[in-house]
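A quick write-up on the structure given underneath.
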Amino acid sequence: MLIDWFTVGAQTLNFLLLVWLMQRYLYHPVLNAINAREKRIAAELADAAARKAEADKQRDEFQHKNAEFDKQRAALLSKAAEEASSERQRLIEEARKAADDLSAKRDELLRNDASNLNASIARRTQTEVFAIARKTLADLAGASLEERVWEVFVSKLRALDDATKARLAEAMKQSPAPALVRSAFEASPERHAALQQAINATFSADVRLQFETAPEIVSGIELSAGGQKVAWSIADYLSTLEQGISELLTKTKTPAASPS
Amino acid sequence: MRLSPDEMIFWQHGFVKINGTLVFTWGIMLLLAVGAKLITRHLSTDHQRSRWQNLLEIIVTAMQQQISEVGLRQPEKFIGFLGTLFLFVATAALCTVIPGYEPPTGSLSTTAALALCVLIAVPMFGIQDQGLRGYLKSYLEPTFIMLPFNLISEVSRTLALAVRLFGNMMSGAMIIAILLTITPFLFPILMTLLGLLTGMVQAYIFSILAAVYIAAAMHPVKTKAAAASPA
């Protein structure tokens, strides 16, 4: 008989015992270990994923901040550049203005110097010219010229207009002192008489005269009474000329002083 | 000449006896239990682990994968029974390299015991899954006429399981014994190698068939076709 039923029963028990032993010592521990490892790996992976997400987030944040910082820096730089350029413009403008002022001042100074020089040259020339003229005329003055002067004075007196004549007559009438006649040279009594006659005729009255010699009147005669005066002399002409020239000089100086 | 280790009797007291089959089986049980205990004593859940632990993990996960490929949804529930079937039959075959050893699976008593365990386990798992009524109803599928044939199939496949394993293992040992008397040198070694291969194949076939029967009992319609027994 191939089958021994006691052995069959015993082997069944043996097999069931082996199943229990294997369950207890093999499958449970190994499966538990595998499950624990898988769980642990899953946890580690989840942790890694979380860390990666966090890192990504932080990287994004950092990049964002970086970009913002770059933008701010660029804005600040451009603002600074703008300010610098405007400041530069302002400084250049200021310097140019200062230079212009300085140059204008210098020009004015130069012009002033030039005009002062011109004026002094003109004054000097004027003085010299008149001095020469006075000297020449004084040198030329003599008896014959004097005579001619007397004649001219008489004729001028006669040619006086009515208003002047009336004013002089009034002055002579009012004045208690005699009318004063001044001449550069001592004249002859005939001249005095002729003048007396001419005055009397002109003013239609007997006018008292007092004669005086005054060398500062260059070749001329002067009649003064009660603050009124009638005179003819070369010095008069000269001073009129001098006045005209001075006026001319002042006129030319005034437009030259205006800025170019 | 001995056909099976049942005939090696060490001690007998009437019906009760201790024969070679029982002794070799205890040896295998001791080997498996002590080995498992030793290796799993310092199991690591870390990334670093011992080579023996790796070996055990490979074996256990491979068995799990095979069970789930057969169509059983919760491999952890069945690995105790099916995995132990495989480990026992495979270890019994592998130990044939030890001189003086005779595989306990070469005894029809052992294979019958294993087949009986399968015969009982199949309805147990089936009833656990779909209830007593649902399980019994599966014998009437597709029609009640099929009931006797289903019952015959249940018995005959159990018989086939037992006899197939016995025949293969016994014949392997027998061939080696005969060859040793005829050509005692190289040829028996080759046949031993072939015997090892046959033993592994038989272990695989036995446990996978048990898995298929259990799966068929749990999903009668879907896996009935897969229950056709191989040669």
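Just so you know, these numbers use all the heavy atoms, side chains as well, and skip hydrogens, waters and symmetry mates. Each chain gets a letter, A, B and so on, in the order its sequence line appears, and its residues count up from 1.
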Open item on the list: For the interface with chain A, which of Pro104(B), Ala112(B), Gly80(B), Cys117(B) has the highest count of heavy-atom pairs at distances below 4.5 Å?
Closed with: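 Answer, by heavy-atom pair count under 4.5 Å with chain A: Gly80(B).
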Using heavy-atom distances under 4.5 Å, tell me whether [X] contacts chain A through its side chain, its backbone, both, or neither.
X: Leu116(B); value: side chain
X: Leu87(B); value: side chain
X: Leu43(B); value: side chain
X: Thr111(B); value: neither
X: Arg49(B); value: side chain

- [ ] Could you tell me whether the side chain of Tyr25(A) and the main chain of Leu38(B) form a donor-acceptor pair under 3.5 Å?
- [x]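 Such a contact is absent between Tyr25(A) side chain and Leu38(B) backbone.
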TODO: Measure from the side-chain N and O atoms of Ser109(B) to the backbone N and O of Asp4(A), and report whether any donor-acceptor pair falls under 3.5 Å.
DONE: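 Present.
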Open item on the list: Between Leu18(A) and chain B, with a heavy-atom cut-off of 4.5 Å, which part of the residue counts as in contact: side chain, backbone, both or neither?
Closed with: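 When you check distances to chain B, atoms from both the backbone and side chain of Leu18(A) fall under 4.5 Å.
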Open item on the list: Is Ile41(A) close to chain B through its backbone or its side chain, or both, or neither, when contacts mean heavy atoms under 4.5 Å?
Closed with: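 Side chain only.
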- [ ] Flag the pair Leu31(A) / Thr61(B) as yes when at least one side-chain heavy-atom distance between them is below 4.5 Å, and no otherwise.
- [x]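 Of all side-chain heavy-atom pairs linking Thr61(B) with Leu31(A), none is under 4.5 Å.
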Open item on the list: Are the side chains of Leu114(B) and Gln11(A) in contact, using a 4.5 Å heavy-atom criterion?
Closed with: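 A side-chain contact is absent here, since even the closest heavy-atom pair is not under 4.5 Å.
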Open item on the list: Is it true that, when you exclude Arg37(A) itself, more than 12 heavy atoms of the residues, nucleotides or ligands shown sit nearer than 6.0 Å to its CZ?
Closed with: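 Yes.
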TODO: Enter the distance from Phe81(B):CZ to Tyr27(A):OH here, rounded to the nearest 0.5 Å.
DONE: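 Nearest 0.5 Å value for the CZ-OH distance: 11.0 Å.
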- [ ] Among Val8(A), Asn14(A), Thr7(A), find the one that has a side-chain contact (heavy atoms from CB on, under 4.5 Å) with Thr21(B).
- [x]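 Exactly one option meets the side-chain contact (heavy atoms from CB on, under 4.5 Å) with Thr21(B), and it is Thr7(A).
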Task: Heavy-atom pairs under 4.5 Å with chain B, option from Asn35(A), Leu26(A), Leu21(A), Leu13(A) with the top count - done: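 That would be Leu26(A).
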